[in-house]
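A short write-up of the structure that comes next.
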Amino acid sequence: MQIKVLIIGLFIRSFCLLAQTETDIQLAQHYYLNGEFDKASVYYEKLYEADPSRVNFSRYIDCLNNIKDTKSAEKIYKKQISFNPNDVSLKIQLYSFYKEKEQNEKAKKVRTEISKKEFFEIREIQDVLSNLLSINELEWAEEVIDKSKKNFKFYPYELWYAQLFLAKGNKINALNNYLQALAKAPDLKEKIQTEISSVFDFSQESEELTLVKNSFLSASQKDPTNTQYTEMLVWFFLQSKNFKAAYQQVSALEKRIKGSGEYLISFANTCAENQEYEFSKEALKEVVSLNLAQKDEARRILLNVMFTQLTNDRSFSKAEIDNMVEQYEQFIESPVGNRSGLETLVLEYAEVLAFYAGKPAKAKSFLETRLNANGLTDMQRAKIKMKLADACVVLDSIWDASLLYMQINEAFKFEPIGNEAKFKNARVFYFDGEFEYAQSQLDVLKQSTSKFISNDAMQLSLLILENYGLDSNYEAMSAFAKTDLYLMQHRYPEAFQTMDSIQIKFPQSVLNDDLLFLRGKAFLQQGNWENAALYFKQLISTYPSELLADDAIFELANVQRVHLMILRRRSIITLK
């Protein structure tokens, strides 16, 4: 019984102590954050005595310094050092404390003690340097580096000198040391690139940027066998958006090392990501023309880049599209085509045929054949079937398309592709004027986990809700849906003719803002950026309070961005 009472008593006491500690912490933080350091110091003294952790020590010292209790602060510094005699950073803090209080003899004594220490761990010397640089002891930091580097013969200690030069404001010397460090440790390339990009502004031409370029060039010329320097030079040009100069360096590097095409392909991918399609294509074509080891991979990526450019810029001539179709066919039919990534090219090829080359029947026939190919996964077949359904829509076989969409949805009810098929099927009923059924399907899709599908479903649902409901609106709405179908089929003359007829027959229609948006979309699809912008501007000014005004603002901004980018690409006359 007595043991139980003792245990309960100890438990109650521990609980009370814990509660008291929590209260002290809260009060200490409250006073500290309010700048009442005299009150906060009382509580931090108690907390530090109970637990001399780094946090409690730092807060307590800060309080003592703020209330100018130098004697107590010095005492606590020494006490903390006695707990951590090998903590050089702590001793540097004490040195700094003495310097601030102008107790130079004590500061000198601490410095002498620290200077006798030898450093054999990278982390330790980095901590020391960081502390010295933070108190602007640059000369002392340099002495530490000079003394310690003999213990790190294979470590790129030039990184430490780079930090020192940055602290002195000499960025070019820092850069040169970073480059020397790179020669010793190529694995540090990304870290060094991050450091350099945080120091220099690559967004605009400047005298400083010219010096940076010269440093890269000089390093590359001094050691032409070191590909790291050339890679850094390429990286510099890419950061500066000088794709032409970057391409010249990559091309020269690939030839000099008799490479496989890896550098050119990597450069091409970077260009494609930046929508610099012409440079991307040139690099990939070079891999093919030089018959390098990765030429087949280059051919595959080249087709993908051409497809991306076509669908983004939408301003290809018939001859260019025919050439693209021919290249797709050569790759798909060649033995080399039987590898990873082929099914993506199959879908791209079918889309080019159906929507850009004016050959939807050929796309349908090709996809039907492909659907029966051996070795396809269920998902791959579903994607082919989806593209086949899209081709059926272009061919005006919308109920054949509907059947295919339903099959995909049934097989993949809980997958994004199933929701996409369900949306496209609802759109088929919308095209055909079955607005009630389309709306019922869209209501389900608005809850889709796929944001893309959910947004598309919401937009079409709002269109139907706003513009359909009264019998007098059915004819106008049906004609509008037919126009939407024409645009999907790229039948632009019929689309514009139908839009004109809607405006003539229903001049007061609530569809007028939707018609302006649809005209803008029609010109967008054709790559006619100027006319697209005109209709979006007209919608914004005429119907500023309508929901589509926000969409028009977004589309207008995108038009201006893409159009300017295309104009800049076309201004490039020479690539090499």
Side-chain angles (χ1 to χ4, degrees), residues 13-117 119 121 123-145 160 163-169 198-199:
R13 177 175 175 159
S14 298
F15 179 79
C16 291
L17 288 172
L18 180 63
Q20 182 60 48
T21 301
E22 286 296 320
T23 302
D24 288 344
I25 291 172
Q26 291 172 2
L27 287 169
Q29 290 177 337
H30 171 74
Y31 289 128
Y32 182 85
L33 294 173
N34 284 336
E36 299 178 74
F37 299 108
D38 52 341
K39 294 179 181 178
S41 66
V42 175
Y43 290 98
Y44 276 119
E45 181 180 9
K46 290 171 63 178
L47 292 169
Y48 178 74
E49 290 299 328
D51 176 22
S53 65
R54 184 174 290 273
V55 173
N56 288 336
F57 163 74
S58 298
R59 285 289 178 91
Y60 186 28
I61 278 291
D62 199 25
C63 289
L64 293 173
N65 283 329
N66 274 284
I67 63 177
K68 302 189 185 311
D69 188 348
T70 302
K71 188 174 181 180
S72 295
E74 181 183 11
K75 179 182 175 182
I76 295 302
Y77 266 121
K78 289 182 177 179
K79 186 174 183 179
Q80 188 71 5
I81 289 172
S82 71
F83 294 146
N84 305 276
N86 295 319
D87 191 335
V88 180
S89 296
L90 195 55
K91 293 177 182 178
I92 292 174
Q93 288 182 46
L94 177 59
Y95 165 83
S96 180
F97 170 78
Y98 284 140
K99 289 283 287 185
E100 287 176 8
K101 307 304 179 187
E102 296 184 350
Q103 298 181 21
N104 294 326
E105 286 303 315
K106 290 183 177 181
K108 183 179 179 182
K109 184 178 178 181
V110 174
R111 175 170 174 170
T112 301
E113 180 185 347
I114 295 172
S115 297
K116 291 177 181 178
K117 182 175 175 58
F119 298 107
E121 293 184 14
R123 182 179 296 180
E124 188 177 30
I125 191 171
Q126 182 59 61
D127 287 344
V128 170
L129 287 175
S130 297
N131 278 278
L132 291 176
L133 294 177
S134 69
I135 60 174
N136 205 35
E137 286 286 344
L138 306 185
E139 182 182 331
W140 187 5
E142 187 169 5
E143 288 175 9
V144 170
I145 299 172
W160 299 331
Q163 294 175 53
L164 181 62
F165 280 118
L166 285 177
K168 292 179 178 179
S198 69
V199 173

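We count residues from 1, following the sequence as given. Computed from a prediction, not measured in an experiment: that's the story for all the values here. Excluded from the calculations below are hydrogen atoms, water molecules and symmetry mates; all remaining heavy atoms, backbone and side chain alike, are included.
- In plain terms, the two heavy atoms of Ala28 and Leu47 that are nearest each other are CB-CD1, 4.0 Å.
- Between Lys46 and Asp51 there is no salt bridge, since no side-chain nitrogen of the basic residue lies less than 4.0 Å from a carboxylate oxygen of the acidic one.
- Look at Glu124 and Lys117 and you find a salt bridge, because one of the NZ, NE, NH1 or NH2 atoms lies within 4.0 Å of a carboxylate O, short of that distance.
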List the atom pairs, with distances to 0.1 Å, where a side-chain N or O of residues 95-102 and a protein N or O form a donor-acceptor pair under 3.5 Å, not counting sequence neighbours.
| residue | atom | partner | partner atom | Å |
| --- | --- | --- | --- | --- |
| Tyr95 | OH | Glu137 | OE2 | 2.9 |
| Tyr98 | OH | Glu74 | OE2 | 2.7 |

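- For the pair Lys168 and Glu142, the salt-bridge criterion is met [side-chain N within less than 4.0 Å of a carboxylate O].
- Two residues are said to be in side-chain contact when any heavy atoms from C-beta on lie closer than 4.5 Å; Gln80 and Pro52 meet this criterion.
- Smallest separation of non-hydrogen atoms from Asn65 and Ala73: OD1-CB, 3.9 Å.
- In this structure, Ala167 and Leu133 approach most closely via the heavy-atom pair CB-CD2, 3.9 Å.
- With sequence neighbours excluded, the residues satisfying side-chain hydrogen bond (donor to acceptor under 3.5 Å, both in side chains) with Asn66 are Asp62.
- Using bins of under 30°, 30° to 60° and over 60° for the plane-to-plane angle, the ring pair Tyr44/Tyr32 lands in the perpendicular bin.
- Residues satisfying the ring-ring contact (aromatic ring centres under 6.0 Å, His included) criterion with Phe57, sequence neighbours excluded, are Tyr77.
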- Message: Does Ser89 form a side chain to side chain donor-acceptor pair (under 3.5 Å) with Asp127? I'd like the steps, not just the answer.
- Response: CA-CA 7 Å; Ser89 296; Asp127 287 344; 5.0 Å; no
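- Closest of all the heavy-atom pairs between Leu164 and Leu138 is CD1-O, 3.5 Å.
- Of the possible donor and acceptor atoms, none in the side chain of Ser72 sits under 3.5 Å from a partner among the backbone N and O of Asp69.
- Between the Asn34 side chain and the Glu36 main chain, no donor and acceptor come within less than 3.5 Å of each other.
- In this structure the side chain of Phe37 never reaches within 4.5 angstrom of the side chain of Lys68, judged on heavy atoms.
- Rounding to the nearest 0.5 Å places CG of Leu94 at 14.5 Å from CZ of Arg111.
- Using a cut-off of 4.0 Å between Lys/Arg side-chain N and Asp/Glu carboxylate O, Arg59 and Glu45 are scored as not salt-bridged.
- Side chains of Ser130 and Gln126 form a contact here, defined as non-hydrogen atoms less than 4.5 Å apart.
- Expressed to the nearest 0.5 Å, how far OH of Tyr43 lies from CG of Leu27 amounts to 4.5 Å.
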